[in-house]
Structure formats: structure tokens, C-alpha cells
Number of protein chains: 2
Amino acid sequence: MSDSTELFAPHNHSLCINTALTTASQLCAERGVQLTAIRQQVLELIWADHHAVKAYDLLERIKPLQSAAKPATIYRALDFLREQGFIHRVESLNAFVGCNDLKSAHEQLLLICKRCENVEERHADSVMQALAQELALAGFTAHHQAIEIHGICATCTQSNNTPSLN
Amino acid sequence: MSDSTELFAPHNHSLCINTALTTASQLCAERGVQLTAIRQQVLELIWADHHAVKAYDLLERIKPLQSAAKPATIYRALDFLREQGFIHRVESLNAFVGCNDLKSAHEQLLLICKRCENVEERHADSVMQALAQELALAGFTAHHQAIEIHGICATCTQSNNTPSLN
DNA sequence: GTTGATTTGTTACAATATAACATCTCAATT
DNA sequence: AATTGAGATGTTATATTGTAACAAATCAAC
């Protein structure tokens with residue numbers, strides 16, 4: 001576990017990642033789809049911390065495990081994980097992050113810290129309700145959405161000690 | 001003016017684009033920055049309709065006017081126009097759209113129609129207020145944001161006649 | 001008209017993503 | 001056990017999007 005992960009939110013990240021993986025596994029079983037080795041490895045790599053991960057970084061990281069891995073290997077796994085709702089694409093970063101609410105149907109707010117680079121998926125019913133009203137007013141039927149906020153997270157605001165950034 | 005533009009919202013698009021260009025010109029004068037020929041041409045091309053335009057499409061379209069144009073030509077102009085707040089990047093499309101509120105400080109909702117491909121920038125104080133509250137609650141300091149909603153716009157919902165796509 | 005800052009030209013390349021087709025795997029059926 | 005068919009992966013090639021770095025030109029201010 002990296003320092004920056006600990007800054008993000010004091011939490012047991014082993015538990016965090018285990019929950020994500022076992023839930024994903026259960027859901028795949030229920031849905032009759034295969035969580036293959038590659039797909040599970042990509043999901044684990046994405047959940048390694050709370051940063052958004054780039055596809056080609058995943059490619060490098062999976063090569064020790066899958067020496068034949070090519071871009072298509074990663075993008076296929078990412079497509080699968082997105083279809084199953086296990087990960088989100090962070091559009092404004094061209095990167096991917098684990099979804100921490102596998103029950104809820106659609107994406108919530110993504111709070112992206114410029115300092116520690118953690119991405120927090122946050123529920124915000126008030127925002128979603130206001131948004132739904134606004135869309136109704138506009139006569140717009142939403143299919144999917146991306147709400148991405150860039151800034152400085154609470155932890156980084158409080159602690160000015162340098163987080164372990166690149 | 002394309003059919004799909006007319007579907008978007010019955011409006012005088014010449015007026016629409018003229019307003020955008022003259023306002024941009026005024027703001028540049030006020031700010032002491034140069035709206036050069038290239039920058040103005042790119043802005044005009046972006047305002048040609050209400051679609052989000054891709055950088056390399058802009059490059060093709062500007063070549064008759066700027067035969068020496070290269071990718072950097074476009075990206076520099078786009079950078080300038082974004083810094084000045086004249087255009088937005090649509091993160092989920094890797095594309096760019098004119099900003100129709102040059103006074104307001106930051107980006108509002110972008111409603112992106114999958115059918116006619118128009119992008120409507122919409123103000124939604126209720127959403128922004130709810131968002132501000134939510135961010136305050138999270139202790140998150142926002143620097144910039146992207147709120148992009150994909151779906152079907154009111155006009156396309158009402159009229160099922162095929163819009164002039166692609 | 002010289003100077004300094006800004007803008008543009010130009011070449012090369014990095015980073016992100018997909019298409020297309022071959023091969024493999026594995027379970028269900030014959 | 002062999003066949004088959006669907007899904008997954010291997011593989012090559014290429015498309016798309018974006019940036020770095022440095023040279024040349026332009027333009028405003030002095």
C-alpha cells in the first residue's frame with residue numbers, strides 16, 4: 001500500500017480490494033459470464049490503489065503475468081470490466097478506476113485529486129436529483145453520464161506534507 | 001446550415017456564430033491577447049454548427065485557408081481558445097465545442113445527443129448548487145469540472161424523422 | 001530599426017485505441 | 001472419443017489523438 005493511498009482515506013485497502021474482487025466474481029457467476037485470468041488480473045491491477053490507471057500502464061504491469069499481452073489484451077479486458085460495471089473510464093484522464101458500488105446502476109461523481117491523484121467515487125443523491133430535474137426540463141433522455149471534478153481532496157488540503165507523487 | 005443544426009433548436013445560427021465571434025474579439029482586445037487569423041478561423045470552424053469537432057477534422061477543414069497547417073497548428077489554437085474560455089473540450093468525445101456563455105466563469109452541463117450529435121451547454125444552478133454542497137461536505141476544492149450527459153435531445157425525441165447524420 | 005515576446009513553421013515522435021483475422025479452449029452435443 | 005460452436009485470446013497492422021523541440025517569422029513597444 002502506497003503512502004498516497006493511505007493519505008486518500010485511512011482504510012484497509014486489502015479489504016477494499018478483496019471486496020471488489022469477490023463481488024465481481026459473484027456477479028460474473030450470477031450473470032453467466034467468465035471472469036478469466038486476464039480479466040481478473042486487470043481488475044486487480046486497477047484496484048491496486050485508488051488512482052486512475054492508464055491502459056498502457058496496465059499493459060506493462062500485466063506483462064510479467066501475461067507475457068503475450070498486447071494493447072488489445074488490455075482493451076478487451078477493460079471493455080468487459082466496463083460492460084459488467086466493475087470499472088469506470090475517467091474520460092478526462094483517459095484512464096480507468098475501480099467502481100466501488102457494484103450494485104448501483106450508474107456512475108456517480110468522480111472526485112479527482114490533482115495532488116495525490118486519488119479518485120473518489122462519491123454518491124450524491126442531491127446532485128443526481130437536481131440533474132434529473134434539469135434533464136426533464138430540457139426534455140433530454142440520459143443514457144450515460146460522466147461527472148468528473150478535478151481539484152484537491154480533503155486529505156491533501158489538510159496535510160501539506162508531500163504525498164508520494166511521481 | 002445543416003438540417004441537424006436546425007433540428008437542434010430553431011435559431012438564427014448566423015446570429016449565434018456572429019455573437020460568439022464578436023464577443024471573443026472584444027474579450028481578446030480587453031485582455032490584450034491576440035485573436036490571430038488562425039485562432040479566429042478555428043473558432044469559426046468550431047462554431048460552424050453545434051456539434052463537437054475533432055482536432056484532426058479541424059485540421060482538414062482549415063487546410064484550404066492555412067495550407068501549412070499541422071497538428072500543432074490546431075492544438076495551439078485550441079489551447080488558446082480554451083484558456084480564453086471560448087471553447088470547451090468534450091472529454092468523453094475527444095472533441096471541442098463552442099462555449100455559449102463567455103461571461104460565466106466555468107463550464108456547465110453538456111448535453112450530448114447521440115442522434116443529431118448536437119452538444120448543448122446548459123446552465124443548471126440547482127445542479128451546481130447541489131454539487132457545491134456535496135463538494136463542501138467532502139472537503140474537496142474543485143478547480144475545474146466536466147459534466148457530460150449522453151443521450152437523446154428533446155428535438156430528436158419529438159421528431160423521429162432521421163436527422164442528417166454523418 | 002532594434003529588441004523581446006509571441007506566434008507560427010516544421011519535423012519527429014509519443015500516447016491512446018481499434019480492425020481484422022487466426023488460433024485456442026472448453027463445454028455441449030453427437 | 002470426435003465434432004462443433006461460442007467465447008476468449010493471440011497477433012499484426014494501423015488509425016487516432018496529442019506533444020516535444022527547435023527554427024523562423026511576426027509584431028508591438030521602445
Side-chain angles (χ1 to χ4, degrees), chain A residues 24-25 27-43 45-46 51-84 86-97 117 146 148 166, chain B residues 24-25 28-43 45-46 51-84 86-97 146 148 166:
Chain A
S25 179
L27 287 173
C28 283
E30 287 175 18
R31 294 170 186 172
V33 296
Q34 305 173 46
L35 189 60
T36 63
I38 291 177
R39 290 167 178 176
Q40 178 163 347
Q41 286 160 4
V42 170
L43 186 56
L45 289 171
I46 289 176
H51 294 185
V53 196
K54 296 192 156 265
Y56 277 72
D57 288 342
L58 288 169
L59 179 54
E60 290 314 305
R61 291 178 201 170
I62 210 176
K63 274 184 177 165
L65 304 168
Q66 300 285 341
S67 56
K70 301 274 185 311
T73 314
I74 298 298
Y75 282 105
R76 283 169 182 157
L78 291 172
D79 286 346
F80 172 84
L81 296 171
R82 283 211 281 163
E83 281 162 12
Q84 299 301 321
F86 300 160
I87 63 172
H88 296 301
R89 183 168 201 276
V90 186
E91 303 289 351
S92 49
L93 294 177
N94 295 339
F96 302 86
V97 73
E117 296 186 352
E148 303 179 1
N166 322 326
Chain B
S25 180
C28 283
E30 288 175 17
R31 294 170 186 173
V33 296
Q34 305 173 46
L35 189 60
T36 63
I38 290 177
R39 290 166 178 176
Q40 178 162 347
Q41 286 159 5
V42 170
L43 186 55
L45 288 170
I46 289 176
H51 294 185
V53 195
K54 297 191 156 263
Y56 278 72
D57 288 342
L58 287 170
L59 179 55
E60 289 315 305
R61 290 178 201 171
I62 210 177
K63 274 185 178 165
L65 305 167
Q66 300 286 342
S67 57
K70 301 273 184 313
T73 314
I74 297 298
Y75 283 105
R76 283 169 181 157
L78 291 171
D79 286 346
F80 172 85
L81 296 170
R82 283 210 281 166
E83 281 163 11
Q84 299 303 320
F86 300 159
I87 63 171
H88 295 301
R89 183 170 200 276
V90 186
E91 303 290 351
S92 50
L93 295 177
N94 296 339
F96 302 85
V97 71
E148 303 178 0
N166 324 323

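Naming: A, B, ... by sequence-line order, numbering from 1 per chain.
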> side chain to side chain contact (heavy atoms under 4.5 Å, CB included) with R76(A): which residues, sequence neighbours excluded?
Replying inline: A72(A)
> Can you name the side chain to side chain contact (heavy atoms under 4.5 Å, CB included) partners of A95(B), sequence neighbours left out?
Replying inline: A52(B), K54(B), L93(B)
> Can you list the residues that meet the side chain to side chain donor-acceptor pair (under 3.5 Å) rule with T73(A), with sequence neighbours excluded?
Replying inline: none
>> I'd like to check the side chain to side chain donor-acceptor pair (under 3.5 Å) partners of Q66(B); sequence neighbours left out, ordered by chain and number.
In response: Q41(B)
>> On DNA chain C, does the nearest nucleotide to N94(B) precede the nearest nucleotide to T73(B) from the 5' side, or the other way round? Give the residue.
In response: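 That would be T73(B).
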Between [X] and [Y], is any pair of side-chain heavy atoms under 4.5 Å apart?
| X | Y | result |
| --- | --- | --- |
| L45(B) | V53(B) | no |
| F86(B) | I46(B) | no |
| V42(B) | I87(B) | no |

>> When you compare the ring of Y56(A) with the six-membered ring of dT16(C)'s base, are the centres less than 5.5 Å apart and the planes under 30° from each other?
In response: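 It does: the ring sits over the base of dT16(C).
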> Going by ring centres under 5.5 Å and near-parallel planes (under 30°), is Y75(A) stacked on dT18(C)?
Replying inline: no
Calculate the interatomic distance between [X] atom [atom1] and [N] atom [atom2]; express it in whole Å.
| X | N | atom1 | atom2 | result |
| --- | --- | --- | --- | --- |
| I74(B) | dT16(D) | CD1 | P | 16 Å |
| E91(A) | dT16(C) | CD | P | 14 Å |
| K63(B) | dT10(C) | NZ | P | 12 Å |
| L93(B) | dT17(D) | CG | C1' | 13 Å |
| L65(B) | dT8(C) | CG | C1' | 16 Å |
| L59(B) | dT19(D) | CG | P | 15 Å |
| Q66(B) | dT26(D) | CD | C1' | 14 Å |
| L78(A) | dA8(D) | CG | C1' | 15 Å |

Protein and nucleotides 19-29 of chain C: nitrogen or oxygen contacts under 3.5 angstrom:
residue: dA20(C); atom: N6; partner: R76(A); partner atom: NH2; Å: 3.2

> Does any residue of residues 29-42 of chain B have a heavy atom under 4.0 Å from DNA chain C, and if so, which ones, in number order?
Replying inline: Q34(B), T36(B), I38(B), R39(B)
Scan the side chains in residues 28-40 of chain B for donor-acceptor partners under 3.5 Å anywhere in the protein, sequence neighbours excluded, and list what turns up.
residue: R31(B); atom: NH1; partner: Q84(B); partner atom: O; Å: 2.9
residue: R31(B); atom: NH1; partner: Q84(B); partner atom: OE1; Å: 2.9
residue: T36(B); atom: OG1; partner: R39(B); partner atom: N; Å: 3.4
residue: R39(B); atom: NH1; partner: Q34(B); partner atom: O; Å: 2.7
residue: Q40(B); atom: NE2; partner: E44(B); partner atom: OE2; Å: 3.3

> According to a strict under-4.0 Å criterion, is K70(B) in side-chain N/O contact with OP1 or OP2 of dT11(C)?
Replying inline: no
> Using a cut-off of less than 4.0 Å, is there contact between a side-chain N or O of K54(A) and OP1 or OP2 of dT16(C)?
Replying inline: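 K54(A) to dT16(C) OP1/OP2: side-chain N or O found under 4.0 Å.
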> Could you give all pairs that pass the salt bridge (charged side-chain N to carboxylate O under 4.0 Å, His left out) test and reach residues 55-73 of chain B, with sequence neighbours left out?
Replying inline: E60(B)-K63(B)
